[in-house]
Chemist: 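Structure incoming, see below.
Below, read A as the first sequence line, B as the second, and so on, with proteins coming before strands; counting in each chain starts at 1.
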Number of protein chains: 2
Amino acid sequence: MTTDSPAGKSPPPGKRADARRNRETVLAAAAEVFVTSGVDAPIRQIAARAGVGMATIYRHFPTRADLVTAVYRHQIEACAEAGPNLLASADSPFDALREWIDLFVAFLVTKHGLADALQSDNDRFAALHDYFLDRLLPVCAELLEAAVEAGDIRPGTQPYELMRGIGNLCIGRDNDPRYDPRRLIALLLQGLRQPHAS
Amino acid sequence: MTTDSPAGKSPPPGKRADARRNRETVLAAAAEVFVTSGVDAPIRQIAARAGVGMATIYRHFPTRADLVTAVYRHQIEACAEAGPNLLASADSPFDALREWIDLFVAFLVTKHGLADALQSDNDRFAALHDYFLDRLLPVCAELLEAAVEAGDIRPGTQPYELMRGIGNLCIGRDNDPRYDPRRLIALLLQGLRQPHAS
DNA sequence: AAGTGAAGCGGAGCGATGCTCCACTTAGTA
DNA sequence: TACTAAGTGGAGCATCGCTCCGCTTCACTT
């Protein structure tokens, strides 16, 4: 189960050449469509852009979450891998946490509708939610724990709650000058901060 | 425009008796359906429950936002009116703000899908978003300002940003024991807090 | 090069939903 | 009672998710 079938995985080499080609075509088309129409774009639209039938998309990516996951897989991986690096390079665990959250937020806000989809109670996106959690929750937990141990922030915050809260704050129409999730997230981090014990 | 037609308004008395009766029937049916199926429930379902045709619903409530607004109007009003009262009765402006936010959150989390709808970029809900803002933003602004003047919280936070952030934090599947928006909101308020000037 | 079987493909089609249109019904009045 | 306009209901159209199945094409064998 966990080893060979879920979500996007890299192109399985055991498939026929035309199938592999189509998979890439669909991925490219989906990426383009997601930019303009959001991750909720009609499958028909993606199929049309890719010049394939809808069934082809459903065959390669059984659920919408699988497609979205495959499109953004590289960026999610990059975010996950940045965690330990930041912890090593930043001035403090708290700074590492803050910078990592910056990365996460930057990713979310540039993908139209991604944050919405992540938290939507729509079953279509459940697998996407799970994938984010599988990949990023441990990273967040590690950063959080390091910051707690360093005495930078107060203990007791659950990584899941923090990540979901951040995700939630990123929801909504893009480019509204009156609302910048980063400001609220900065406030949240401020509230998390431990007054340094003397 | 602003004076007589938008959103739900109280039952216009100039209508025919059966029309007024139907309006109430629809409102009651919608309230029931919203509880079980969320504010996104199919119009057909509400119409069936009310025993009327779909057109009847659309005639009384041209957009979904109008229907939702009408259903929750009383509670929104109550929340708006509680603001000044809390400011008068609480120990400090900051406490008043906190208690008011508690009220707001309690309202949001008990209405399945309401918070989602509020922030959704779906045009169907734009009027609902506007109504919330029209009614509650001034109240929030007043509380915020009072807390700033009392030196309880740091200045510079925009009421719109705060309200939308709180709304966003309330989004998602209900009753997830791993996620309680109140905890994060408490953190947010903590971050807002001004270390009391000596 | 031709043959063959299975992997892969496309799009018609079904069900759900939002919303509209218009022939029919009914409340209120004369 | 008869009339008329306000009110009503649901058929109908469009969109979208997802499936099903007959046709096409690849890759391998001889």
Chemist: Any side-chain heavy-atom pair from A:Tyr72 and A:Val39 closer than 4.5 angstrom?
Modeler: yes
Chemist: Say whether, by atom type as modelled, one donor and one acceptor occur between the side chain of B:Asp176 and the main chain of B:Arg173 under 3.5 angstrom.
Modeler: no
Chemist: Separation of B:Phe61 atom CZ from C:dT20 atom P, in whole Å?
Modeler: 16 Å
Chemist: Look at A:Asp18 together with A:Arg23 and state whether they make a salt bridge at an N to O cut-off of under 4.0 Å.
Modeler: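 Looking at A:Arg23 together with A:Asp18, the answer is no, because their closest N to O distance does not fall below 4.0 Å.
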Chemist: Specify the angle, to 10°, made by the local axes at the two ends of the helix from C:dA1-D:dT30 to C:dA30-D:dT1 when five pairs are taken at each end.
Modeler: 10°
Chemist: Among side-chain atoms of A:Arg164 and A:Tyr160, is any donor-acceptor pair under 3.5 angstrom?
Modeler: yes
Chemist: In whole Å, I'd like the distance from the NE2 atom of B:His60 to the P atom of D:dG7.
Modeler: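 Taking NE2 of B:His60 and P of D:dG7, I get 8 Å after rounding.
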Chemist: Without decimals, in angstroms, what is the distance between A:Asp40 CG and D:dT15 P?
Modeler: 17 Å
Chemist: With sequence neighbours left out, which residue pairs that include part of residues 137-146 of chain B fulfil the salt bridge (charged side-chain N to carboxylate O under 4.0 Å, His left out) condition?
Modeler: none
Chemist: Distance-only criterion, 3.5 Å: show the donor-acceptor pairs between side-chain atoms of residues 99-111 of chain B and protein atoms not counting sequence neighbours.
Modeler:
from	atom 1	to	atom 2	distance (Å)
B:Trp100	NE1	B:Cys79	O	3.0
B:Thr110	OG1	B:Ala106	O	3.0
B:Thr110	OG1	B:Phe107	O	3.0
B:Lys111	NZ	B:Gln75	OE1	3.2

Chemist: Find which nucleotide of DNA chain C each of A:Val52 and B:Pro42 is nearest to by heavy atoms, and output the residue with the more 5' nucleotide.
Modeler: A:Val52
Chemist: Is B:Glu161 salt-bridged to A:Arg178, going by a charged N under 4.0 Å from an acidic O?
Modeler: no
Chemist: What's the verdict on salt bridge (charged side-chain N to carboxylate O under 4.0 Å, His left out) for B:Asp152 and B:Arg98, showing C-alpha distance, side-chain angles and the deciding distance?
Modeler: CA-CA 12 Å; B:Asp152 287 347; B:Arg98 179 164 48 202; over 6 Å; no
Chemist: Mark up nucleotides 19-30 of chain D, 5' to 3', with B wherever a protein heavy atom is under 4.0 angstrom from a base atom, S wherever such an atom reaches only the sugar-phosphate, and - elsewhere.
Modeler: BB----BBS---
Chemist: Give a yes or no on whether a donor-acceptor pair under 3.5 Å exists between the nucleobase atoms of C:dG13, that is its base, and the side chain of A:Arg44.
Modeler: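 In this structure, the two groups form a donor-acceptor pair.
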Chemist: Hey, can you pull the residues of residues 120-129 of chain A with a non-hydrogen atom under 4.0 angstrom from DNA chain C?
Modeler: none
Chemist: Look at the side-chain heavy atoms of Ile, Leu, Val, Met, Phe, Trp and Tyr, link any pair under 4.5 Å apart, and say whether A:Leu169 and A:Leu97 land in one connected group.
Modeler: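 Cluster IDs for A:Leu169 and A:Leu97 match.
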Chemist: Using a cut-off of less than 4.0 Å, is there contact between a side-chain N or O of B:Asn22 and OP1 or OP2 of D:dT8?
Modeler: yes
Chemist: Quick one: A:Ile46 CD1 to D:dT15 C1', roughly how many Å, whole number?
Modeler: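 Going from CD1 in A:Ile46 over to C1' in D:dT15 covers 15 Å.
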Chemist: Which residue pairs pass the side-chain hydrogen bond (donor to acceptor under 3.5 Å, both in side chains) test when at least one of the two sits in residues 48-58 of chain B, sequence neighbours left out?
Modeler: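 Every pair satisfying side-chain hydrogen bond (donor to acceptor under 3.5 Å, both in side chains) with a residue in residues 48-58 of chain B: B:Glu32-B:Arg49.
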Chemist: Is it the case that one hydrophobic cluster holds both A:Leu133 and A:Ile171, taking links as side-chain heavy atoms less than 4.5 Å apart, direct or via other members?
Modeler: no
Chemist: How many Å lie between CD1 on A:Ile43 and C1' on D:dC18, as a whole number?
Modeler: 9 Å
